[in-house]
Amino acid sequence: MNVRPDGYPLGDGAITLRFGDARSAALLELIHAGARHLRRRNIAHVEDVVPAYLAVTIFYDPLGASFEQMKARLISALDEMDSIAPAGDAGREHVIPVRYEGVDLDYVAAQTKLSREEVIAIHSGRTYTVDLLGFVPGFGYMSEVDPRIQLPRRNEPRPRVAAGSVAIAAGHTGVYPLPTPGGWHILGTTDVALFDAGCPEPALLAPGDRVRFQRTE
Amino acid sequence: MITVVRAPAYLTVQDSGRKSMLSAGVPRGGAMDSFALAAANSVAGNDPNAAALEWALTAGAIRFDQDRNFAFAGATPDISIAGRDIPPLTRVAARAGDLLEVGPLTARRFLYLAVEGGIDVPAILDSRSTYLPAALGGYQGRILRTGDKLTVGPATGSRGEFRCPPELLPRYDTLDIRITRGPQANCFGDESWRTLLTAEYRISRSSDRTGYRLEGQPLGHSLGTLPSEAGCPGAIQIPLDGNPIVLMADAPTVGGYPKIAVVAQADLPILAQKKPGDSVRFNLVTIEESQRALRRVAADLAMLRDRGQAAHSRQ
């Protein structure tokens with residue numbers, strides 16, 4: 001791997017490997033590839049690998065390996081990456097059908113001086129990348145929303161947003177997997193389950209996956 | 001079977017949590033005081049990670065519908081079984097029909113009640129822990145209510161007296177909590193570090209299984225929020241107002257506030273047991289010292305587990 005990350009302890013059981021200081025699509029792609037590589041390597045005592053914008057965090061059992069031991073293993077595993085990473089190693093693709101009748105559709109149209117139809121066409125007109133998962137189980141932060149419909153999040157988050165709500169805030173779009181509080185602008189609803197606790201892999205989305213929203217009635 | 005006869009304000013099923021679902025956005029969760037969970041289980045004759053009841057705030061009562069050993073650890077309210085007072089960290093035999101009565105929790109915050117065989121709720125994503133924000137795991141994903149009946153696992157056949165030596169317990173009364181430098185430690189200047197390591201911080205009223213807010217001297221930084229990255233229980237994050245928040249068991253898996261430091265896992269049970277208004281002080285140690293302290297705790301707990309099991313194989 002041509003970028004050697006800096007490693008910092010995140011407490012006794014995790015290491016944050018930082019790959020850069022500024023967000024970019026290229027850096028995120030590198031981080032997703034690095035995270036997939038570390039997962040595939042099944043390094044002893046590693047419990048989970050969590051990629052994010054500038055860093056990958058590796059959770060491990062500190063009774064099995066010390067910080068320095070684990071850091072050395074991770075860096076050396078990443079050093080082999082160039083020769084091992086298959087070309088085009090990328091996430092899956094998902095098409096998520098959406099009924100565009102969300103409570104904030106009119107508000108977004110008014111704020112952006114577009115028609116409802118234009119907002120819908122712009123939101124469903126591009127492919128998004130899942131940057132990272134978090135906030136609640138199965139919630140994927142996807143980017144990048146077309147600048148024409150980017151709006152800051154609501155000042156007052158709603159106490160409860162229904163599961164399946166498709167929403168936007170700033171450069172991100174996402175789907176609420178569970179009923180939770182939420183401050184994003186709701187454009188529509190999907191019946192696709194984003195999180196199923198009964199599955200061994202409960203989250204539909206993974207970092208690096210690509211998502212298209214398809215208008216449906 | 002055990003029956004909740006009078007539910008306290010907070011009662012859930014918890015075990016040691018979910019270690020490998022963070023990448024799906026599922027927090028580790030599990031017992032807030034991991035030491036007390038393991039100790040109560042070992043004394044009851046269970047695996048240290050077995051599912052137990054996590055109890056907080058108010059008084060309540062539980063009825064045993066079958067003969068079972070049990071033990072409690074963590075908080076130290078008045079507890080009696082069939083009208084007889086019982087001490088913490090001690091194996092007690094309950095008979096079918098016995099009523100277990102727990103007084104209000106005044107000293108410390110979370111009580112763990114381990115029943116021989118463990119609480120038998122379905123394992124969801126490899127854990128029986130209740131994660132309330134997603135209504136996941138535990139007993140129907142929720143807080144237990146009066147009238148709920150819980151199945152317990154097969155009896156281990158444990159008999160005889162067994163107690164946890166009190167010298168193994170964390171120093172719950174200390175103000176001093178060990179921390180290691182966090183991923184954004186370098187983004188905080190000397191003055192912020194001096195404040196963090198000398199000021200006393202009070203646990204705020206708005207603190208729960210997600211995080212403990214601290215009140216005291218705010219810490220200055222010019223970072224604002226950063227692109228989100230993974231956090232962990234014990235991470236001390238500094239939001240824009242400068243008042244630290246310590247992430248706890250149910251904290252979201254990622255977040256954007258800079259993390260100045262992380263509480264040593266060996267001391268997280270001590271912090272977890274602090275109540276609103278209690279004070280803490282932070283002492284900086286190296287990651288090597290912190291991991292060494294954790295290994296000592298793990299060795300103590302392994303010894304306790306082995307002795308707990310030996311105590312029943314003798315019968």
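Labels below follow one simple rule: chain letters A, B, ... track the order of the sequence lines, proteins then strands, and each chain is numbered from 1.
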Review point. Checking A/Tyr8 against chain B: side chain, backbone, both or neither under 4.5 Å from a heavy atom?
Key: side chain
**Study point:** Which of B/Pro183, B/Ala298, B/Pro122, B/Ala135 touches chain A most, by non-hydrogen pairs under 4.5 Å
**Key:** B/Pro183
Exercise for review: Could you tell me which portion of A/Phe67 (side chain, backbone, both or neither) has an atom closer than 4.5 angstrom to a non-hydrogen atom of chain B?
Suggested key: both
Check your understanding: Side chain, backbone, both or neither: which part of B/Glu289 has a non-hydrogen atom closer than 4.5 Å to chain A?
Key -> neither
Exercise for review: Kindly determine whether B/Val26 and A/Phe195 satisfy side-chain contact (heavy atoms from CB on, under 4.5 Å), including the steps that lead there.
Suggested key: CA-CA 10 Å; B/Val26 184; A/Phe195 186 80; 3.7 Å; yes
**Study point:** Interface residue of largest heavy-atom contact number with chain A, from B/Arg295, B/Gln291, B/Glu229, under 4.5 Å
**Key:** B/Gln291
**Study point:** Under 4.5 Å from a heavy atom of chain B, the part of A/Ala14 involved
**Key:** neither
Practice item. Answer with side chain, backbone, both or neither: which region of A/Pro200 has an atom nearer than 4.5 Å to a non-hydrogen atom of chain B? Key: backbone
Review point. For atom CZ of B/Arg205, is the number of surrounding heavy atoms from other residues, nucleotides or ligands below 6.0 Å larger than 12?
Key: no
Exercise for review: Using the side-chain contact (heavy atoms from CB on, under 4.5 Å) rule, take B/Thr253 and A/Val50 through it: C-alpha gap first, then chi angles, then the decisive distance, then the call.
Suggested key: CA-CA 9 Å; B/Thr253 52; A/Val50 183; 5.6 Å; no
Point to revise | chain A contacts, top residue of B/Met21, B/Arg181, B/Lys259 (heavy-atom pairs, under 4.5 Å) | key: B/Met21
Check your understanding: Are more than 12 heavy atoms from other residues, nucleotides or ligands located less than 6.0 Å from atom CD of B/Glu288?
Key -> yes
Study note, to complete from the structure: d(A/Asp12 CG, B/Asp267 CG) to nearest 0.5 Å is 9.5 Å
**Study point:** Largest heavy-atom contact set with chain A, pairs under 4.5 Å, which of B/Val263, B/Leu125, B/Ile124
**Key:** B/Leu125
Exercise for review: Sort out for me which of B/Gly182, B/Cys232, B/Pro252 touches chain A most, counting heavy-atom pairs under 4.5 Å.
Suggested key: B/Cys232
**Study point:** chain A contacts, top residue of B/Ala134, B/Pro27, B/Gly234, B/Ser228 (heavy-atom pairs, under 4.5 Å)
**Key:** B/Ser228
Point to revise | Under 4.5 Å from any heavy atom of chain B - which part of A/Leu10 | key: both
Practice item. Against chain A, label B/Leu136 side chain, backbone, both or neither, depending on which of its atoms sit under 4.5 Å from a heavy atom there. Key: side chain
Practice item. Give, as side chain, backbone, both or neither, the part of B/Thr180 having an atom under 4.5 angstrom from any heavy atom of chain A. Key: side chain
**Study point:** Contact origin within A/Glu68 toward chain B - heavy atom pairs under 4.5 Å
**Key:** side chain
Check your understanding: Between A/Thr16 and chain B, which part of the residue has a heavy atom less than 4.5 Å away: side chain, backbone, both or neither?
Key -> side chain
Review point. In terms of heavy-atom contacts, does OH of B/Tyr257 have more than 12 from other residues, nucleotides or ligands at under 6.0 Å?
Key: no
Exercise for review: Mind listing the closest non-hydrogen atom pair of A/Pro62 and B/Leu294 along with its distance?
Suggested key: CG-CD2, 3.5 Å
**Study point:** Donor-acceptor contact below 3.5 Å, side chain B/Ser20 vs main chain A/Asp48
**Key:** no
